[in-house]
Amino acid sequence: MADYDWRAWDEEPWQLRYPGTAIGAETWVEVFSPDPDSGEMRRWIAAAQRLQTAERPTARRVFISHRRADAVMAQQAADAAHRLGVEYWLDVEDPTLQWLTQHTAVDAATRSTAIASAIEMALLNCTHVLAIITPRTSGSQWVPYEYGRVKDDGLTDRATACWTTVHPADTTRFAEYLHLGVVARGIEEVRTWLVA
């Protein structure tokens, strides 16, 4: 898995999008047809959730969770990971998600389940999650979901972190569950966490 570059598979058909070394790739191929529908995607999401406990990635890869409004911070985190030799997944670089945003003919149900399918595959193949938390995060449905998905056994976890511009004492904009992971207040603390 260490040599799997998810960005390099943008020319492949949907059902052949991931190499056999990716966790869940075999199931992905079994579930998806060349023209997938939302039912197939729902089956994939259910299968991916079962796969969570079956296998863990061996190469360190960080899933960067954020709202679109915080894309600049997310890119800074991705750049820091890259410079430190840490693999990462960032939605704005994912070819499948880029395709979905460019093809407006895809109906809303298929689009939302396709996004969830790509996110589930990324989460399966990541060992860490970094959530970007700013005042704009409030109301996000995806950030809390993604933050809680890559966890070691136990209540607290060093594999999850948040980079926040919100003071952790501000409980109206900083969720208490974020204290269960590492709280980084700047890019230097993010870099320290990435290599810890």
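Since we're looking at a predicted model, the values are computed, not measured.
- Partners of Pro168 according to the side chain to side chain contact (heavy atoms under 4.5 Å, CB included) rule, which considers only residues two or more places apart in sequence or in another chain, are Phe174, His179, Val183, Arg185.
- Applying the salt bridge (charged side-chain N to carboxylate O under 4.0 Å, His left out) test to Arg42 and every residue at least two apart in sequence or in another chain returns nothing.
- To the nearest 0.5 angstrom, Tyr147 atom OH is 6.5 Å from Leu180 atom CG.
- Heavy atoms only, all atoms of each residue included: His66 and Asp91 are closest at NE2-OD1, 2.8 Å.
- Evaluation of the salt bridge (charged side-chain N to carboxylate O under 4.0 Å, His left out) rule for Glu40 yields no partner, not counting sequence neighbours.
- When all heavy atoms are compared, the tightest approach of Leu90 to Ala74 is CD1-CB, 3.7 Å.
- Of all non-hydrogen atoms in Ala116 and Ile45, the two that sit nearest each other are CB-CD1, 3.4 Å.
- The minimum heavy-atom distance between Pro19 and Ala25, with the atom names listed, is O-CB, 3.1 Å.
- Under the side chain to side chain contact (heavy atoms under 4.5 Å, CB included) criterion, Ala81 pairs with Val62, Val86, Tyr88, Leu194, not counting sequence neighbours.
- A donor-acceptor contact shorter than 3.5 Å links the side chain of Thr137 to the backbone of Thr134.
- Residue pairs meeting the salt bridge (Lys or Arg N to Asp or Glu O under 4.0 Å) criterion with at least one partner in residues 132-145, sequence neighbours excluded, are Asp70-Arg136.
- Among residues at least two apart or in separate chains, salt bridge (Lys or Arg N to Asp or Glu O under 4.0 Å) pairs with a member in residues 159-171 are Asp170-Arg173.
- Ile133 CD1 to Arg67 CZ: the interatomic distance, rounded to the nearest 0.5 Å, is 10.5 Å.
- Residues that satisfy the salt bridge (charged side-chain N to carboxylate O under 4.0 Å, His left out) test with Arg191, not counting sequence neighbours, are Glu188.
- To the nearest 0.5 angstrom, Leu124 atom CG is 11.0 Å from Phe63 atom CZ.
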request  = Check step by step if side chain to side chain contact (heavy atoms under 4.5 Å, CB included) holds for Leu178 and Thr164.
outcome  = CA-CA 10 Å; Leu178 293 169; Thr164 185; over 6 Å; no
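- Atom CD of Glu146 and atom CD of Gln141 lie 11.5 Å apart (nearest 0.5 Å).
- Considering only residues two or more places apart in sequence or on other chains, Glu30 meets the side chain to side chain contact (heavy atoms under 4.5 Å, CB included) condition with Glu26.
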key: Ser117 and Trp28: CA distance, side-chain angles, deciding distance, side chain to side chain contact (heavy atoms under 4.5 Å, CB included) verdict   = CA-CA 9 Å; Ser117 296; Trp28 183 275; 4.2 Å; yes
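- Residues meeting the side-chain hydrogen bond (donor to acceptor under 3.5 Å, both in side chains) test with Gln75, sequence neighbours left out: Asp79, Glu93.
- What you find for Glu189 and Ala184 is that their closest heavy atoms are OE1-CA, 3.3 Å.
- In this structure, Ala47 and Thr27 approach most closely via the heavy-atom pair CB-CG2, 3.6 Å.
- Under the 4.5 Å side-chain criterion, counting only non-hydrogen atoms from C-beta, Trp89 is in contact with Ile119.
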task = Starting from the C-alpha separation in whole Å, work towards a yes-or-no answer on side chain to side chain contact (heavy atoms under 4.5 Å, CB included) for Met73 and Thr165.
result = CA-CA 10 Å; Met73 284 179 70; Thr165 61; 3.8 Å; yes
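- Not counting sequence neighbours, Glu176 has no partner by the side-chain hydrogen bond (donor to acceptor under 3.5 Å, both in side chains) test.
- Checked against side chain to side chain contact (heavy atoms under 4.5 Å, CB included), Ala161 has the following partners two or more places apart in sequence or in another chain: Leu130, Val182, Trp193.
- A distance of 6.5 Å separates OH of Tyr145 from CG of Leu123, quoted to the nearest 0.5 Å.
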